[in-house]
2 protein chains.
Amino acid sequence: MKDVAARAGVGLKTVSRVVNGEAGVSPDTERRVQESITALGFRRNDSARILRKGRTASIGLVLEDLADPFYAPLSRAVEEVARAHGALLINGSSAEDPGREQELVLALCARRVDGLVIVPASDDHRYLEPEIAAGVATVFVDRPPGMIEADQVLVDSFAGAREGVAHLIAHGHRRIGFIGDLPRIHTAHERIRGYEAAMSEAGLPVHPSWVAPGSTDPARVRADAERMLGGPEPVTAFFAGNNRVTVTLVRVLAELERPVALVGFDDFELADMLSPPVTVVAQDPAQLGRTAADLLFRRLDGAHDPPCLKTHPTTLIARGSGELPPA
Amino acid sequence: MKDVAARAGVGLKTVSRVVNGEAGVSPDTERRVQESITALGFRRNDSARILRKGRTASIGLVLEDLADPFYAPLSRAVEEVARAHGALLINGSSAEDPGREQELVLALCARRVDGLVIVPASDDHRYLEPEIAAGVATVFVDRPPGMIEADQVLVDSFAGAREGVAHLIAHGHRRIGFIGDLPRIHTAHERIRGYEAAMSEAGLPVHPSWVAPGSTDPARVRADAERMLGGPEPVTAFFAGNNRVTVTLVRVLAELERPVALVGFDDFELADMLSPPVTVVAQDPAQLGRTAADLLFRRLDGAHDPPCLKTHPTTLIARGSGELPPA
DNA sequence: GTGAAAGCGCTAACAC
DNA sequence: GTGTTAGCGCTTTCAC
């Protein structure tokens, strides 16, 4: 910038004015400055600008896995909102590792992002207290924060799972298996609760072997499913705790002779083209991201109301697999 | 940092040493400094650090759509490599808009990212010349740069499409429709060329109405497909130019009485569970991202060889839809 | 082992 | 309309 000013024979501030499109520069001077800028290939250094201004016009997003078909649209939606507000998105995947989440979040804070959207892997976010006190707006999505108060945008996992399981019960099932994610994950925990609630409301017992929370690793899901399908009293239906589990169960069930019903949490592409088409409890990840990002920017624009909780409903989409009768 | 120094009763530089884990601080002083740091909730401001050091330990990724099932794993792979090198990833979606690509790339440059991975939407990257001259390492993925020389990591779209179409021909098809992306996109163009090559090598004519390049909007794809399926000489097979087109064609073909063969470019989840299972020309987006990011960091570590081109092969995966005979 | 001073590139505040 | 000065928070240099 110094060089540009020297070359154009003007002061530093004049160049700054031109670069930032501020008023108060004569057309002639402006032209001379522009000419020097292109000649020198000058581009403003935003690090210096940020250092001076305090705001970075960037927000951070930390979630489990950018490539997961559930989170990818969420991420994209956050990006769109950020873009509409002239902000860049910096994101990272926590891989469901609390340590990695913290590392990422703190790295983003060191970059002085204006705000954070977090799908937490950790259940203790006290490490964020100094940041929030320092003015970093923070919104939690999909899962609540741990040990601190903050805005949160959630999906009603409990009600969704209860509705999905009740749907299977309504179609005659009595022995229903639940395979879901690790129960330390809030949504997984809520979905187990929803399963149990539906069973108990229908007066049905829940055999401990019918509930298999754990990793979404296909081998684990397959093993648990096969276990539940064997024995003298096999399950006649499954409720899958998320899209990864559903996809694996689709494969397992396709290998069976007898039909086994399936309802999955999360919708997924081509679910309607499988045979049978897969009944799901759908949520809208893009909407989730949009709500969270909107909330974040409202905070950045100075909204100072106490932390709020927004809960999105789920939608049961009956397609066939959830309406199969017990074998 | 000033405050921390004051509170601990030490100099600025000593705090800096502690924060950066540099040697030369007595254990006692270090403890005092650490205590002040936590008490004040201090976190180093990376903007200032970057301003001083010149390197940002962050790289930028610009691609078409973060949420596309093809690009999401690519993005994730780049992130993993960046993480292994201690760098953060800042990314943005160009939405296939050259203006937006440039805007994003320049915003990233203004942030002084150390390097860029770009899936270009534009066909003229001369706007990057000053940046590259200034030392920003740049790698293009999936599509080549326009009007400049730079590293590129591509997939052999031409050979892949040729193989896919030849596969359909080998199964008896003579009238094969091609529905792909906008031909200004390099990969789309190459795939059309591959289609034409396979047809001509088999001595088959290509009726102009059998080739439909355009947007991947489902309505457009459907309309073109239905047009090709009507008339006196309907096509008996389709080659789909990318995963979005394939998914739409799966839906269109499922509504038909007669079987129509299909081979799609790009693999996709559950392709093997559809009926018929979908034959694809697969590429490995994660591998593409990994190669590009590795190359980028090799450049950042000082590799100064001339721009290189790495081409990845495709793999034909026969599953059923591509082996259907002509009706 | 520790600290004081200079300066990274920019913008805010206030001259002129 | 335009320029000058100070300083954002850190690291580098060099002196103690």
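Lettering of chains follows the sequences in order, A, B, ..., and the numbering in each one begins at 1. All heavy atoms count here, side chains included; hydrogens, waters and symmetry mates do not.
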M1(A) atom CE is separated from dT2(D) atom C1', nearest whole Å, by 13 Å
Dump every N/O contact between nucleotides 14-16 of chain C and the protein below 3.5 Å, one line per pair.
none

To the nearest angstrom, the CD-P distance between E22(B) and dC10(D) comes to 14 Å
ask   = Between R31(B) and Q34(B), does any side-chain donor sit less than 3.5 Å from a side-chain acceptor?
value = no
Check your understanding: Distance only, no hydrogens: is a donor on one side chain within 3.5 Å (strictly under) of an acceptor on the other, for E79(B) and S93(A)?
Key -> yes
Using a 6.0 Å cut-off, check whether atom CZ of R184(A) has over 12 heavy atoms from anything other than its own residue.
yes
Checklist entry - Within the pair T14(A) and dG3(D), is there a side-chain N or O less than 4.0 Å away from OP1 or OP2? => result yes
Can D294(A) and R298(A) be counted as an ion pair, charged N to O under 4.0 angstrom? no
R112(A) CZ to dC10(D) C1', in whole Å, measures 11 Å
Rounded to whole Å, CD1 of I37(A) lies from C1' of dC10(C) at a distance of 14 Å
For dC8(D), does either OP1 or OP2 sit under 4.0 Å from a side-chain N or O belonging to S47(B)?
no
| message | Using 30° and 60° as the class boundaries, would you call the ring planes of H85(A) and F297(A) parallel, tilted or perpendicular? | response | parallel
Per nearest nucleotide of DNA chain D, the residue lying toward the 5' end, T29(A) or K2(B), is T29(A)
- [ ] Classify the side-chain pair Q102(A)/H125(A) by whether it contains a donor and acceptor separated by less than 3.5 Å.
- [x] no
Applying a 4.0 Å non-hydrogen cut-off, can you work out what V10(B) is touching in the nucleic acid: base, sugar-phosphate, or nothing?
sugar-phosphate
L12(A) atom CG is separated from dA13(C) atom C1', nearest whole Å, by 15 Å
- N or O in side chain of N45(B) less than 4.0 angstrom from dC8(D) OP1/OP2: no
Distance alone, cut at 3.5 Å: any donor-acceptor contact between the side chains of D114(B) and T56(B)? yes
So, does S16(A) get its side chain near the phosphate of dT11(C), meaning an N or O under 4.0 Å from OP1 or OP2? yes
Worksheet entry | Pair R76(A) + E80(A), salt bridge at N-O below 4.0 Å | yes
Side-chain contact check for S26(A): nearest option of dT2(C), dT11(D), dG1(D) is dG1(D)
ask   = Are R111(A) and N45(B) close enough that a side-chain donor and a side-chain acceptor fall under 3.5 Å?
value = no
In whole angstroms, the gap separating P of dC8(C) from CG of D46(A) amounts to 18 Å
Residues of residues 50-58 of chain B with a heavy atom under 4.0 Å from any atom of DNA chain C, listed by number, are L51(B), R52(B)
- Task: Determine the contact category for N20(B): base if any of its heavy atoms lies under 4.0 Å from a base atom, sugar-phosphate if only primed atoms, P, OP1 or OP2 are that close, otherwise nothing.
- Result: sugar-phosphate
